[in-house]
Amino acid sequence: MIDWTPFILTLKLALLTTIILFCIAIPLGYFLSKRKNIFTIFLETLFGLPLVLPPTVLGFYILITLGKNSLIGDFLSEHFDIQLVFSFSGLLIGSIIYSFPFMIQPLQAGFSTIPEDLIHAAMLMGKKEITILLKVVLPNMKSAILSGLVLTFAHTIGEFGVVLMIGGNIPDKTKVASIAIYDYVESMQYDNAHEYAFILLCFSFTILFLLYYFNRKNNFNLK
Amino acid sequence: MIHISLYKKINKSKVQSQFQLEFDLGDIIGITGPSGKGKTTFLKVIAGLMDCEKGRIIFNDTVWLDTTSKVQLSPQKRNIGFVFQDYALFPNMNVIQNISFAQNEKFEKEELERLIDAFEIRSLLKQKVNTLSGGQKQRVAIARALVQLPHLLLMDEPFSALDFRVKQRVIDYIMHFQSKHHTPLLINTHQIHELEALTQHIYELNDFQLQLLDMDARIQEKAIVTQINIEERTMEVELDRRNYVLPLKKGVVLGEQIHISIE
């Protein structure tokens with residue numbers, strides 16, 4: 001009988017990461033697409049780092065930033081009795097940082113495809129910035145939003161390095177599906193590892209297939 | 001009274017183009033001139049969508065722009081109806097949603113019905129704007145600007161995609177709208193004959209400044225096409241027993257009566 005706990009934990013992590021990142025990346029992506037200066041280029045570089053850095057490097061820095069002997073770790077531990085390392089909350093923070101480019105980049109690309117005249121037209125109608133964003137900008141970049149959501153979700157599911165560094169391998173707490181597979185392989189339980197790996201493979205394939213299908217369908221509809 | 005005085009470098013030119021106009025509520029002003037001279041840019045500066053090097057816009061004692069005292073009213077607060085050259089219709093909305101999004105609550109329902117019929121867009125109301133032809137999009141864009149009941153209407157090449165019959169209906173409605181609401185209107189077009197049906201106040205943006213065209217010196221006459229030279233891209237027309245050689249107009253046929261301007 002398969003233990004579904006790592007999968008439930010994985011889905012919980014992926015879902016929360018996706019929701020939080022979406023809320024952060026919408027205003028940030030809008031800001032970055034509107035302005036181009038040395039500061040925004042610096043931010044873009046910073047946000048793109050998880051794409052090129054080995055997960056272990058990122059995990060290491062998060063570990064020493066949030067760990068017990070760090071400034072933030074000490075502060076949270078003393079004042080709020082919160083320990084981020086080797087906890088689900090720490091795992092969530094690590095996932096948010098690691099998956100950031102997968103959300104921000106499609107959204108930023110989506111924002112920049114919106115013709116300036118559409119925004120200008122809405123401004124001249126007296127519409128506020130938030131109305132323009134919700135009624136004009138976001139509805140006209142559905143493909144970009146879908147890409148951002150699905151890629152972030154799928155990427156979080158497949159996360160390994162950062163998760164292992166920050167969360168460790170604590171059952172029911174931080175042992176997500178990818179860690180569970182590693183665990184089974186380490187202990188030579190290939191049958192269990194195969195079951196988990198196959199489920200993850202099918203799940204990831206289905207998500208990507210649906211993304212490409214809906215994006216293609218959306219593009220045809222626009223034409 | 002509307003006072004506009006703007007200075008802006010167009011297309012990386014070293015010389016600042018001047019755009020100076022004064023007109024009253026209810027006036028229709030036509031602006032013509034070759035492409036690339038800044039007609040669209042100046043409309044966008046008036047709307048507050050672009051900056052200029054130096055400028056002042058006063059609309060009925062309200063300062064919209066004054067670069068000297070650093071006053072710049074946001075586009076949202078100017079209440080300008082703008083017909084964009086590329087229409088700028090919202091693709092996520094259908095025709096009626098585009099119009100409703102812009103509609104001022106004081107724009108009466110009966111008036112909207114009249115506008116929909118005049119613009120012949122009733123059968124298109126539920127259609128997504130991406131499925132419309134260029135002419136249909138242009139009519140929706142003009143309708144959308146009018147229902148806003150703007151303080152000032154700015155139109156950038158608003159009739160370029162309309163055929164003669166529809167254009168006439170649209171112009172008739174705009175004239176009716178004008179007489180009812182006294183909205184001042186600035187129209188950009190490079191086709192001067194479109195402006196002549198609407199106004200006598202026609203300016204040309206050329207040589208870095210706006211110059212009032214002397215319409216009396218540009219009497220429109222009907223001439224008959226007597227010869228067409230496709231190789232040289234010229235046509236010969238006869239007017240009052242005199243022959244003139246003019247650049248060939250697209251679609252012209254032998255014996256056709258066409259309007260020509262005599263300077």
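Every chain is numbered from 1 and lettered A, B, ... according to where its sequence line falls, protein lines coming before strand lines.
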Quick check against the 3.5 Å criterion: does [X] have a side-chain atom that pairs as donor or acceptor with the backbone of [Y]?
X: B/Asn60; Y: B/Ile2; result: no
X: B/Thr67; Y: B/Lys54; result: no
X: B/Asn92; Y: A/Pro139; result: no

Have A/Thr17 and A/Ser99 got a donor and an acceptor in their side chains that come within less than 3.5 Å?
->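 No, no side-chain donor-acceptor contact under 3.5 Å.
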Assess the side chains of B/Tyr87 and B/Gln136: does a donor N or O sit below 3.5 Å from an acceptor N or O?
->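 No - no donor-acceptor pair under 3.5 Å links their side chains.
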Any chance you could measure B/Ile46, atom CD1, to B/Ile4, atom CD1, to the nearest 0.5 Å?
->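 One finds 4.0 Å between CD1 of B/Ile46 and CD1 of B/Ile4.
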CG/B/Asp24 to NE2/B/His201 distance, rounded to the nearest 0.5 angstrom?
->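 One gets 8.5 Å once the value is rounded to the nearest 0.5 Å.
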Heavy atoms only, distances under 4.5 angstrom: which of B/Ala88, B/Ala145, B/Pro150, B/Ala141 has the most pairs with chain A? Name it, please.
->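 Result: the option with the highest number of such pairs is B/Ala88.
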Can you check whether anything in residues 18-32 of chain A gets within less than 4.5 Å of chain B, heavy-atom wise, and list it by number?
->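 Residues qualifying by a heavy atom under 4.5 Å from chain B are absent, so none.
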Contact residues of residues 102-127 of chain A (partner chain B; heavy-atom separation under 4.5 angstrom) =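 Within residues 102-127 of chain A, near chain B: A/Asp117, A/Leu118, A/His120, A/Ala121, A/Ala122, A/Met123, A/Leu124, A/Met125, A/Gly126, A/Lys127.
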Measure distances from [X] to the heavy atoms of chain A and classify the residue's part below 4.5 Å as side chain, backbone, both or neither.
X: B/Phe101; answer: both
X: B/Asn104; answer: neither
X: B/Phe90; answer: both
X: B/Lys44; answer: side chain

Are any of the side-chain nitrogens in B/Asp117 or B/Arg122 under 4.0 Å away from the carboxylate oxygens of its partner?
->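 Answer for the salt bridge query: yes.
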Presence of salt bridge, B/Lys9 and B/Glu53, under 4.0 angstrom |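 So B/Glu53 does not pair with B/Lys9 through a salt bridge.
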Option passing side chain to side chain contact (heavy atoms under 4.5 Å, CB included) with A/Phe153 (candidates A/Leu149, A/Leu151, A/Ile157) |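 Among A/Leu149, A/Leu151, A/Ile157, the one meeting side chain to side chain contact (heavy atoms under 4.5 Å, CB included) with A/Phe153 is A/Ile157.
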More than 12 heavy atoms from other groups under 6.0 Å of CZ on B/Phe23 |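 Check passes, neighbour count above 12.
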Are there more than 12 heavy atoms of other residues, nucleotides or ligands under 6.0 Å from atom NZ of A/Lys173?
->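 For A/Lys173, atom NZ is not crowded (no more than 12 foreign heavy atoms under 6.0 Å).
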